[in-house]
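What follows is a short report on a single structure.
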Amino acid sequence: MEHVRRFLERQAPEVLLLQELKGLEFPAAEFEAMGYRSAAVTQKSYNGVAVLSRLPFEVVCTTLKGDEEDSHARFLETRMEAEFGAVRVVNLYLPNGNPVGTEKFEYKLRWMDRLAAEMREWMAGGVPTVIGGDWNVIPEEMDCHKVSYWLKDALFQPETRARYRALLGAGWTDAFRSLYPEATGQFT
């Protein structure tokens, strides 16, 4: 909490997306006292996402469509009112998927397929959309510090990278990479 408080005081963002909350309780009242509305999807010991916003917003959905059995706290879709009108803000914590060759990796790939289907609907819907969070993907070699460390990791597998690239190919933009096309050794 102290880390987030210092960040909010220093940077004063309009919107902040948090991932890996790893707990059932969320300090909404403390953020409210700092001028931020909040919404969180929590899970004991694992996952968890939250949105903090100075802008008015409503929660649209707390689970990614396509698997009613999926109880992981990894997704939060909101609709905010910005100066230019309504905007969809989605916070996600994409599954890590390690180790490769296990059900965890298959879950990651299925989750990415479900996300891609949802993103196609958003694109067709015409509402400006921002998707942020922890993607757990290394799209290009330049996106990590030492490639050899990641070769067997789920974040760097061809299936993972291909799915991410397909999203970009469908018209989405990697905001970091669009601003810093040559920056190396950083996750986008």
Side-chain angles (χ1 to χ4, degrees), residues 13-21 38-43 46-53 55-82 84-98 100 103-140 142-144 153-181 186-188:
E14 290 295 308
V15 177
L16 179 64
L17 306 180
L18 303 171
Q19 303 82 37
E20 292 193 66
L21 301 177
S38 65
V41 181
T42 61
Q43 182 177 350
Y46 297 99
N47 308 319
V49 292
V51 172
L52 308 180
S53 177
L55 304 172
F57 74 91
E58 64 181 79
V59 173
V60 174
C61 192
T62 59
T63 57
L64 181 61
K65 293 178 187 174
D67 183 356
E68 285 67 38
E69 301 293 316
D70 188 354
S71 62
H72 291 203
R74 297 184 171 279
F75 182 88
L76 180 56
E77 178 186 349
T78 62
R79 186 176 181 101
M80 297 187 181
E81 292 301 323
F84 57 84
V87 62
R88 176 185 295 113
V89 176
V90 178
N91 186 7
L92 60 86
Y93 177 39
L94 204 136
N96 178 285
N98 282 303
V100 175
E103 172 56 30
K104 289 181 179 184
F105 186 64
E106 294 304 317
Y107 171 69
K108 176 188 188 81
L109 298 179
R110 287 191 310 272
W111 208 93
M112 291 183 83
D113 291 342
R114 291 167 42 211
L115 179 62
E118 189 73 2
M119 289 172 70
R120 282 190 295 275
E121 287 185 26
W122 295 334
M123 179 87 59
V127 175
T129 301
V130 174
I131 307 166
D134 185 343
W135 287 78
N136 274 320
V137 176
I138 303 172
E140 305 295 335
M142 70 186 300
D143 294 315
C144 63
D153 195 284
L155 281 65
F156 198 68
Q157 294 307 297
E159 302 93 330
T160 303
R161 297 168 78 196
R163 281 168 170 79
Y164 183 82
R165 289 176 184 145
L167 298 175
L168 298 180
W172 294 90
T173 301
D174 180 328
F176 176 85
R177 195 48 71 204
S178 72
L179 294 171
Y180 307 100
Q186 299 181 45
F187 288 100
T188 64

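The basis for the numbers below is simple: all heavy atoms, side chains too, and nothing from hydrogens, waters or symmetry mates.
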Once rounded to the nearest 0.5 Å, what's the spacing between atom [atom1] of [X] and atom [atom2] of [Y]?
{"X": "Leu94", "Y": "Arg163", "atom1": "CG", "atom2": "CZ", "answer": "11.0 Å"}
{"X": "Leu167", "Y": "Met112", "atom1": "CG", "atom2": "CE", "answer": "6.5 Å"}
{"X": "Leu52", "Y": "Phe57", "atom1": "CG", "atom2": "CZ", "answer": "8.0 Å"}
{"X": "Glu118", "Y": "Phe75", "atom1": "CD", "atom2": "CZ", "answer": "5.5 Å"}
{"X": "Arg74", "Y": "Gln43", "atom1": "CZ", "atom2": "CD", "answer": "7.5 Å"}
{"X": "Ile131", "Y": "Asp174", "atom1": "CD1", "atom2": "CG", "answer": "11.5 Å"}

Exercise. Give the intermediate values and the outcome of side chain to side chain contact (heavy atoms under 4.5 Å, CB included) for residues Val59 and Leu76.
Key: CA-CA 7 Å; Val59 173; Leu76 180 56; 3.9 Å; yes
Quiz item: Arg110 and Asp70: salt bridge (charged side-chain N to carboxylate O under 4.0 Å, His left out), yes or no, with the steps?
Solution: CA-CA 11 Å; Arg110 287 191 310 272; Asp70 188 354; over 6 Å; no
Closest non-hydrogen atom pair between [X] and [Y], with its separation:
{"X": "Asp153", "Y": "Gln157", "result": "O-NE2, 3.0 Å"}
{"X": "Asn98", "Y": "Lys104", "result": "O-CD, 3.1 Å"}
{"X": "Leu17", "Y": "Gly133", "result": "CD1-N, 4.4 Å"}
{"X": "Ala170", "Y": "Met123", "result": "O-CE, 3.4 Å"}
{"X": "Leu55", "Y": "Glu14", "result": "CD2-OE1, 3.7 Å"}
{"X": "Leu115", "Y": "Leu64", "result": "N-CD2, 3.7 Å"}

Under 3.5 Å: donor-acceptor pair, side chain of [X], backbone of [Y]:
{"X": "Arg161", "Y": "Pro139", "answer": "yes"}
{"X": "Thr160", "Y": "Ala154", "answer": "yes"}
{"X": "Glu77", "Y": "Val60", "answer": "no"}
{"X": "Thr78", "Y": "Val89", "answer": "yes"}
{"X": "Asp143", "Y": "Ile138", "answer": "no"}

Quiz item: Is Lys65 salt-bridged to Glu121, going by a charged N under 4.0 Å from an acidic O?
Solution: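 Yes, this pair counts.
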Self-check item: Check against side chain to side chain contact (heavy atoms under 4.5 Å, CB included), Phe105 and Glu159
Solution: CA-CA 10 Å; Phe105 186 64; Glu159 302 93 330; 3.8 Å; yes
Quiz item: Passes side chain to side chain contact (heavy atoms under 4.5 Å, CB included), Met80 versus Val51? Steps please.
Solution: CA-CA 11 Å; Met80 297 187 181; Val51 172; 3.5 Å; yes
Quiz item: With under 30° as parallel and over 60° as perpendicular, where do the rings of Trp135 and Tyr164 fit, or are they tilted in between?
Solution: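 The arrangement is perpendicular - the two ring planes meet at more than 60°.
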Self-check item: Identified side-chain hydrogen bond (donor to acceptor under 3.5 Å, both in side chains) partner of Gln19 from the options Asn136, Asn91, Asp134
Solution: Asn91
